[in-house]
Amino acid sequence: MSDPAQPAESAPTSELDQIPDRDAEETAEWQASLDAVVRNAGPDRAGYLLRRVHEYAARSGVRLPGLLSSDYINTIPVTAQPSFDGDLDMESRITALNRWNAAAMVTRGSRLGLGGHISTYASAAWLYEIGFNHFFKGKDSDGSGDQLYVQGHASPGIYARVFLEGRLSEAQLDAFRREADGHGLPSYPHPRRLPWLWEFPTVSMGLGPLAAIYQARFNRYLHARGIKDTSGSRVWAFLGDGEMDEPESMAALALAAREGLDNLTFVVNCNLQRLDGPVRSNSKIVQELEARFRGAGWNVVKSLWGEAWDPVIAQDATGALVHRLGEVPDAQMQTYAARDAAYIRKDFFTGDALSGIAAGLSDAQLTELFEKSRGGHEPLKVYAAYRAAVEHQGAPTVILAQTVKGHTLGPDFESRNANHQMKKLTLAQFRQMRDLLELPIPDSALSGDVVPYWHPGENAPEVRYLRARRAALGGPAPVRRVVAGRLEQPPAKPFEALEKGFGNQEVATTMALVRLVRDLMKGKETGPRWVPIIPDEARTFGMESLFPTAGIYSPDGQTYEPVDADQLLYYRESKNGQLIDEGITEAGSMAEFTAAATSYATHGEPMIPFYIFYAMFGFQRTGDQFWALADQMGRGFVIGATAGRTTMTGEGLQHADGHSHLLASTNPAAISYDPAFAYEIAVIVKDGLRRMYGEQPENVFYYLTVYNEPKRQPAMPPVPNIEEGIVRGIYRFRQAEFPDAGPRIQLLSSGTAIHWALEAQELLRSQWNVHADVWSVTSWTELRRDALCADRERLNGSERIPYVTRALSSARGPVLAVSDWMRQVPDQISQWVEQDYASLGTDGFGLSDTRDAVRRYFRVDAESIVIAALDQLARAGEVSPQTVAEARERYGWQA
């Protein structure tokens, strides 16, 4: 009798076992047929038949799960390649010139120790040239054109092409990586350094792919909302296969497929090498990427082998060759590219079937297969892949193009692990390169110490052809243009509402800011230009009121009945929705913000993005993207909500932000403010709109921190020049009641800390006969920047005094600064304050408790401010040390 605890032997289970088989006999017949094929023709033949049936079923409309990988061969067979609509010989000469000048530029710069990268462009030259001559649209037609995300290390090749066009001179090429005088060429695509050429900074690995996806998505958003017809724009992102290891590279693949972004093409340069060695030494990066992209819903086009492989693969009647190509790891494939024919015959063409194929090939043919004949190096193969991409509908496309890193640079560079660090060619290597590329450069030009650039002349056929192709495609590319004019400034009414205050009602500054933006979005002129972006926290920030009015953008609209449809603030998605609720992704939100913040240049349509997030998760989590935003000269408002170390206390350590202003201060384009009151927010936002969208727009973005703690919001007080003080960074909010009596101290505070300072002001007066002025510091960082600027001007002979120094010049007594941030934030201004200076802050990790308890823990509550103020006065001889001891005892302030 069998053991009931042991399951009986049976066939392997499958998820299909859950579905009734309505004809088990028919199923058995199909399975028997497969068994017969395996017995008589082998498993490879069986697999081939199944894939053929699967392919046919898909074309017939039968719903089946997609296969995640295909054979290691080209997606487009030679018989399906489209006709080429250009002059192949002419484009070959142009590509050769670009290769030469790119190598010459980097080599000449390397003589000065400047470095540069040669091998990446050498592998990708045809990937770019086919695009420039046949696919990439310029801005002359619709002002948008295509958006090109150029692989950062390939920039020398782009400079070389622009030089051939006539948009760069030899002197400018010689200024590659020499920017100190303001006229050089940046090492990589940096729009801020070369604003007429580069649109997108891409050399921070992984950010380019992410940004490209959200750019394509934002193009659709603009179109859906009727702002700009972007239906003719395509986003092209050129990436390295090693770059795809960065998590951000793959972070939004599902979004692109889910939203059907067929206006997006990734071109992955699969040269099988990263900076130090093979990308996947023991496996195959192309197959891995294919599976991941297919699994995410992308259309995948593989361009792996050149035309020399076509007749060889056609001989593979047994499938042994295709099988062998699929099993050889990448590192070994690189070895083949650097070895002779004898090695290839012995190591690759193993077994009778493969030996028979190799026997019909000469040594030269064998080495050509592995050294040169890669799909990414052959214009007809690249053209076919690009044509398939632009014609595909319903999903984004990734092109996996196999190349050799260092192609045409000679055996010392090609496929070498160290070629990323090899910065120059010798003259002997340049002669080899000249001969290989068949360039008409005489030996006499290569007899000196410096390799020459080579331009065939303004009227040369190559230059005329290149310019004609670009004219037909809508003008030069890449190119960055700013043609958008100023935006109409919004009406005063929304700002006045905040400036009047909220009476006795307690309102958090987060809520005050949201109300301001909501009212500004109603404006007829600029209202539609606002782009609210939230990473799935709209309800946290009180923005659910925008759901039914502005709508949440969705390319599918709302295909369901929302569960809260009967409520006033129901969740409404719309094809032309204005609000972008990104889900739980700060990186995605930041990429969307960047696309909106640079729309003034990319599309000639200035938009006003408003990105609001938990303060802790903004600059800290996506600081690299903020740096790229600054490089791309983005404009808009970034909001760190629930700010401060002690204001969001219930969430604990990882939610308690006490340092984002320090992180923001490192970004030169970030204009940072920590407003205390609603009226300050109104003044700051109004000034931000003027600076970023007014008569002379500036390439800056604003970072405001706001708090979730409800507080009284007074009307703007009648302080002289208060708006200037708010914008510049400091003004005296409340003067001491008896300014000439007793010891004096100046309390500087920002954000929610002003309420502790005001309470401390009253305690100092009523209990200790000390009189304090309370100052609102709206921006510690802007005060510091102004002071640094004054210091530089002083070295040039100026006598300008920093604003903070002038503001405090007549203030009596020492200065005590307090905020809900680390002490380093207020300490930014200490060296320009002439009075004795001390600060209080929230250094350390955050923790969960009541606000009062946490503020006492960090010693920033009102009583702690009083003790610190008395201590300063005691050290100045204004009060006795005993007074400080009494205060500690009275307030229960224990060590």
S.K.: Closest heavy-atom contact between S144 and K139?
M.R.: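 Shortest heavy-atom contact: O-NZ, 3.1 Å.
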
S.K.: Within the 4.5 Å heavy-atom criterion, are P476 and R470 side-chain neighbours or not?
M.R.: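 No, their side chains stay 4.5 Å or more apart.
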
S.K.: Do D241 side-chain atoms and V279 backbone N/O form a donor-acceptor pair below 3.5 Å?
M.R.: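 Not confirmed, D241 side chain does not pair with V279 backbone.
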
S.K.: Donor-acceptor pair, R280 side chain versus L272 backbone, under 3.5 Å?
M.R.: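 Between the backbone of L272 and the side chain of R280 there is no qualifying donor-acceptor contact (under 3.5 Å).
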
S.K.: Answer with yes or no whether the side chains of Y600 and N699 bring together a donor and an acceptor at under 3.5 Å.
M.R.: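 Looking only at side-chain atoms, Y600 and N699 do form a donor-acceptor pair, the distance falling under 3.5 Å.
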
S.K.: Write down the atom of D330, the atom of I285, and the distance for their closest heavy-atom approach.
M.R.: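 Looking at all heavy atoms of both residues, the closest pair is OD2-N, 2.9 Å.
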
S.K.: Check whether NZ of the Lys or CZ of the Arg R108 lies under 6.0 Å from the centre of the six-membered ring of Y453 and within 45 degrees of that ring's axis.
M.R.: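 R108 over Y453 ring: yes.
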
S.K.: Does any part of the side chain of L164, heavy atoms only, come nearer than 4.5 Å to the side chain of H455, both counted from C-beta?
M.R.: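 In contact.
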
S.K.: Where do H183 and D181 come nearest, in terms of heavy atoms and distance?
M.R.: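 Residues H183 and D181, closest heavy atoms: N-OD1, 2.9 Å.
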
S.K.: Side-chain contact, heavy-atom cut-off 4.5 Å: V150 with F238?
M.R.: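 They are not in contact (no side-chain heavy atoms under 4.5 Å apart), so the answer is no.
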
S.K.: Kindly say whether the aromatic ring centers of H134 and Y383 come within a distance under 6.0 Å.
M.R.: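 Yes, the ring of H134 comes within the 6.0 Å limit of the ring of Y383, centre to centre.
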
S.K.: Considering all heavy atoms of both residues, which atom of G152 and which atom of T202 are nearest to each other, and what is their separation?
M.R.: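 Shortest heavy-atom separation between G152 and T202 comes out as N-OG1, 3.7 Å.
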
S.K.: Using a strict cut-off of less than 4.0 Å between a Lys/Arg side-chain nitrogen and an Asp/Glu carboxylate oxygen, indicate whether D363 and R345 qualify as a salt bridge.
M.R.: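 The answer is yes: the pair qualifies as a salt bridge.
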
S.K.: In this structure, are over 12 heavy atoms from other groups packed under 6.0 Å from R431 atom CZ?
M.R.: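 Result for CZ/R431: enclosed.
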
S.K.: Should we say atom CZ of R193 is surrounded by more than 12 heavy atoms from elsewhere, each under 6.0 Å from it?
M.R.: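 Counting other residues, nucleotides and ligands, CZ of R193 stays at 12 neighbours or fewer.
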
S.K.: Any salt bridge linking D140 with R481? Criterion: basic side-chain nitrogen under 4.0 Å from a carboxylate oxygen.
M.R.: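 A salt bridge is present here (some side-chain N lies under 4.0 Å from a carboxylate O).
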
S.K.: What about the rings of Y159 and W198, do their centers lie closer together than 6.0 Å?
M.R.: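 Yes: the rings meet the under 6.0 Å criterion.
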
S.K.: May I ask you to decide if S362's main-chain N or O and Q365's side chain share a donor-acceptor pair within less than 3.5 Å?
M.R.: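 The answer is yes, because a donor-acceptor pair under 3.5 Å joins these two groups.
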
S.K.: Tell me, please, whether F135 has R234 positioned over its six-membered ring: NZ or CZ under 6.0 Å from the ring centre and within 45 degrees of its axis?
M.R.: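 Judged by the rule, R234 and F135 form no cation-pi pair.
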
S.K.: Report yes or no: is the cationic atom of R177 (NZ for Lys, CZ for Arg) under 6.0 Å from the centre of the six-membered ring of Y188, at an angle within 45° of the ring normal?
M.R.: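 Yes - R177 lies over the ring of Y188, closer than 6.0 Å to its centre and within 45° of its axis.
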
S.K.: Should R467 and E458 count as an ion pair when the cut-off is N to O under 4.0 Å?
M.R.: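 So R467 pairs with E458 through a salt bridge.
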
S.K.: Please check this pair: side chain of N263 against backbone of A216, looking for a donor-acceptor N/O pair closer than 3.5 Å.
M.R.: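 Checking the backbone N and O of A216 against the side chain of N263, a donor-acceptor pair under 3.5 Å is found.
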
S.K.: Are Y128 and R161 side-chain neighbours, meaning at least one heavy-atom pair lies under 4.5 Å?
M.R.: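 No, too far: nothing below the 4.5 Å cut-off.
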
S.K.: For the residue pair T594 and Q625, establish whether any side-chain heavy-atom pair is separated by less than 4.5 Å.
M.R.: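 No, side chains not in contact.
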
S.K.: With a 4.5 Å heavy-atom cut-off, do S233 and H603 have their side chains touching?
M.R.: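 Counting from C-beta outward, S233 and H603 do come under 4.5 Å.
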
S.K.: Please check if the number of heavy atoms outside E307 that lie under 6.0 Å from its CD is greater than 12.
M.R.: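 Count not over threshold, so no.
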
S.K.: Show the atom names and distances, to 0.1 Å, of all donor-acceptor pairs under 3.5 Å that link a side chain in residues 437-445 to residues at least two apart or in another chain.
M.R.:
| from | atom 1 | to | atom 2 | distance (Å) |
| --- | --- | --- | --- | --- |
| D443 | OD1 | R434 | NH1 | 2.6 |
| D443 | OD1 | R434 | NH2 | 3.0 |

S.K.: Go through the side-chain N and O atoms of Q215 and N219 and say whether any donor and acceptor fall under 3.5 Å apart.
M.R.: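 Short answer, yes.
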
S.K.: Would the number of heavy atoms belonging to other residues, nucleotides or ligands and lying under 6.0 Å from CG of D435 be above 12?
M.R.: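 Buried by this count: over 12 neighbours within 6.0 Å.
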
S.K.: Mind checking whether H153 and S123 have side chains closer than 4.5 Å, heavy atoms only?
M.R.: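 Heavy-atom side-chain distance check fails, nothing below 4.5 Å.
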
S.K.: Under the ring-ring contact (aromatic ring centres under 6.0 Å, His included) test against W236, which residue among Y149, F266, Y386, F132 passes?
M.R.: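 Among the candidates, only Y386 passes.
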
S.K.: Any side-chain donor paired with an acceptor under 3.5 Å for Q81 and K381?
M.R.: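 Side-chain D/A pair, Q81 to K381: present.
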
S.K.: Can you name the nearest heavy-atom pair linking T367 to A341, along with the distance?
M.R.: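 In terms of heavy atoms, the two residues are closest at CG2-N, 3.6 Å.
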
S.K.: Minimum heavy-atom separation for T408 to L436, with atom names?
M.R.: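 Answer, listing the atom of T408 first, then L436: CA-CD2, 3.6 Å.
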
S.K.: Evaluate the side-chain proximity of T403 to Q273: yes if any heavy-atom separation is below 4.5 Å, no if none is.
M.R.: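 Side chain of Q273 against side chain of T403, heavy atoms only: no contact under 4.5 Å found.
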
S.K.: Will you find, in the side chains of Y465 and E91, an N or O donor that is under 3.5 Å from an N or O acceptor?
M.R.: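 Side chains of Y465 and E91: pair found under 3.5 Å.
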
S.K.: Under a plain distance cut-off of 3.5 Å, with no hydrogens placed, do D347 and Y336 share a side-chain donor-acceptor pair?
M.R.: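 D347 and Y336 do have a side-chain donor-acceptor pair below 3.5 Å.
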
S.K.: W309 and F370: aromatic ring centres closer than 6.0 Å?
M.R.: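 Distance test on ring centres: under 6.0 Å, yes.
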
